[in-house]
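One structure is given here, and the rest of the page talks about it.
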Amino acid sequence: MHCDHYAANRCRSCTAITVPYGEQLSAKLQHCRSLLATHESTQWLPAVASAESGFRNKAKMVVSGSIEAPLLGIRDARGQGVDLSDCPLYPDTMQAVFPSLAAFIRKAEIEPYDIDTRQGELKFVLLTRDDATGALMLRFVLRSQEPIARIRKHLPELMQFLPVLRVVSANLQPEHKAVIEGEREIALAGESSLVMHCNGLSLRLRPRSFFQTNGAVAAALYTQAGAWITERDPASVWDLYCGVGGFGLHVADGIRCVTGIEISEEAVESARLSAEQNALSGVCFEASDALAFARSHPAPECVIVNPPRRGIGPELAAWLDASPVTTLLYSSCNAESLARDLQAMPAFEL
């Protein structure tokens, strides 16, 4: 993929962009194979490739510049704002929205936050897109509520100009630290959640919930998981670290008992809305710590885990290894923690 910003040394975020995609994929596959080399019985399926550009369904844009000339993108190594509204990672339809958002910032007079002086209000613009319909969720990350009234005043015009906007909210992050979002979300316009279509399911995404940023690969991931679960046909399934319920909703068939566990109450509410909208029975979601839930409930036949990069950790791995669980489906975004967790669970064979 060619990127003018990378070529001009304005943005170096995509560190492997000069390596042909096929070589990147082969290197990642070999890395996984080497980490799991001790599991001699492992069967490796063909790698699932992604589109090289235009695949991201979420943009996290740092807002810099001034009210008169806001920039949506990143800050470079010198702390200067870089406009990435034409970043090739985003589909054309998403790129086309950024100029309208910059114009809105000017009209509503929302001052971009300055990290040096710690002055200003608008820190980030977060945009999420449903690949199937083009519908959008827009979130403004603000230092305080000061601009809220002006945002509300001008929102009707923006939503009329961008009819694909379905959800608009403001997130308050008053602290000066490297954490994008704060704890408080203020609904501004539209619906309470964005519908993300995936494999025929309608997944509800509330503002502070996480969804895979590559929709096509997420669909392939859930399809493969569903096929494996269908093959094993367990009567009961736990979906630990379930997020908005992607795995649990894909394996619910109205017969088996599926329980999704996630620490984020916002994500659990999204999953519950999705189960209701898709009229899925036999599936429920609960806000709880995965390890605490496992220790306090009778084990199911199958457990799905989809943990963050740190993995499931030694305590949950030990519980699983000693449990009567017969099938474990482990979705990992970090091959190193995956290998470490598998080493702690010798009772399971790949």
Side-chain angles (χ1 to χ4, degrees), residues 35-36 38-39 42 203-204 206 208-212 218 221-222 224-276 280-350:
L35 287 168
L36 303 180
T38 57
H39 301 272
T42 304
L203 305 182
R204 283 282 179 177
R206 288 176 60 83
R208 295 183 61 221
S209 302
F210 171 80
F211 192 78
Q212 300 287 348
L221 176 69
Y222 295 141
Q224 180 63 76
W228 278 333
I229 295 299
T230 298
E231 178 184 337
R232 302 291 256 183
D233 196 24
S236 54
V237 177
W238 287 354
D239 180 10
L240 303 182
Y241 310 95
C242 70
V244 296
F247 283 102
L249 294 168
H250 274 81
V251 305
D253 62 357
I255 300 174
R256 67 174 57 96
C257 178
V258 179
T259 304
I261 300 299
E262 167 63 46
I263 198 70
S264 166
E265 294 185 4
E266 182 87 346
V268 167
E269 181 59 27
S270 296
R272 288 170 176 165
L273 287 170
S274 299
E276 180 180 350
L280 294 172
S281 59
V283 57
C284 64
F285 296 93
E286 180 179 326
S288 179
D289 174 76
L291 178 61
F293 180 86
R295 285 174 168 171
S296 59
H297 291 78
E301 292 183 21
C302 171
V303 170
I304 301 171
V305 294
N306 183 31
R309 291 189 60 81
R310 65 178 180 272
I312 65 174
E315 292 182 287
L316 182 55
W319 183 90
L320 283 164
D321 194 61
S323 76
V325 172
T326 56
T327 299
L328 173 65
L329 196 157
Y330 192 134
S331 171
S332 170
C333 59
N334 181 356
E336 284 85 359
S337 59
L338 169 66
R340 184 170 59 248
D341 287 339
L342 292 180
Q343 188 175 12
M345 295 184 289
F348 291 94
E349 180 182 0
L350 268 64

Let me confirm one number: the SG-CH2 distance from Cys302 to Trp228, rounded to the nearest 0.5 Å. 11.5 Å
Pairs meeting criterion salt bridge (Lys or Arg N to Asp or Glu O under 4.0 Å) with involvement of residues 331-349, two or more places apart: none
OG of Ser270 to CZ of Phe211: how many Å apart, nearest 0.5 Å? 11.0 Å
Residue pair Pro307 / Ser331: nearest heavy atoms and the distance that separates them: CD-O, 3.3 Å
Non-hydrogen atoms of Leu338 and Ser332 that approach each other most closely: CB-OG, 3.5 Å
Stepwise side chain to side chain contact (heavy atoms under 4.5 Å, CB included) check, Leu316 with Tyr241: CA-CA 12 Å; Leu316 182 55; Tyr241 310 95; 3.5 Å; yes
Atom CD1 of Ile261 and atom OG of Ser288: how far apart are they, to the nearest 0.5 Å? 5.5 Å
How far apart are the closest heavy atoms of Ser337 and Tyr330, and which atoms are they? O-OH, 4.1 Å
Are Glu315 and Arg295 close enough for a salt bridge, meaning some N to O gap below 4.0 Å? yes
Are Asn306 and Cys242 side-chain neighbours, meaning at least one heavy-atom pair lies under 4.5 Å? no
Does any non-hydrogen side-chain atom of Val325 lie less than 4.5 Å from one of Phe348? yes
Give a yes or no on whether the backbone of Cys284 and the side-chain of Thr259 come within a donor-acceptor separation of less than 3.5 Å. no
Determine the minimum heavy-atom distance between Phe285 and Ala275, stating which atoms define it. CE1-CB, 4.2 Å
Could you point out which residue of Val305, Asp289, Ile304 forms a side chain to side chain contact (heavy atoms under 4.5 Å, CB included) with Leu240? Val305
Should the pair Trp238 and Phe293 be assigned to parallel (<30°), tilted (30 to 60°) or perpendicular (>60°) ring geometry? perpendicular
Minimum heavy-atom separation for Gly226 to Val251, with atom names? CA-CG1, 4.2 Å
Calculate, to the nearest 0.5 Å, the distance between atoms CG and CG belonging to Leu35 and Asn334 respectively. 9.0 Å
What is the distance from atom CE of Met345 to atom CD1 of Ile312, rounded to the nearest 0.5 Å? 4.0 Å
Quick note, salt bridge (Lys or Arg N to Asp or Glu O under 4.0 Å) partners involving residues 255-270, not counting sequence neighbours, are Arg206-Glu266, Asp233-Arg256, Asp253-Arg256
Residues Ser209 and Val244: closest non-hydrogen pair is CB-CG1, 3.5 Å
When rounded to the nearest 0.5 Å, the distance separating CG of Leu221 from CD of Gln212 is 6.5 Å
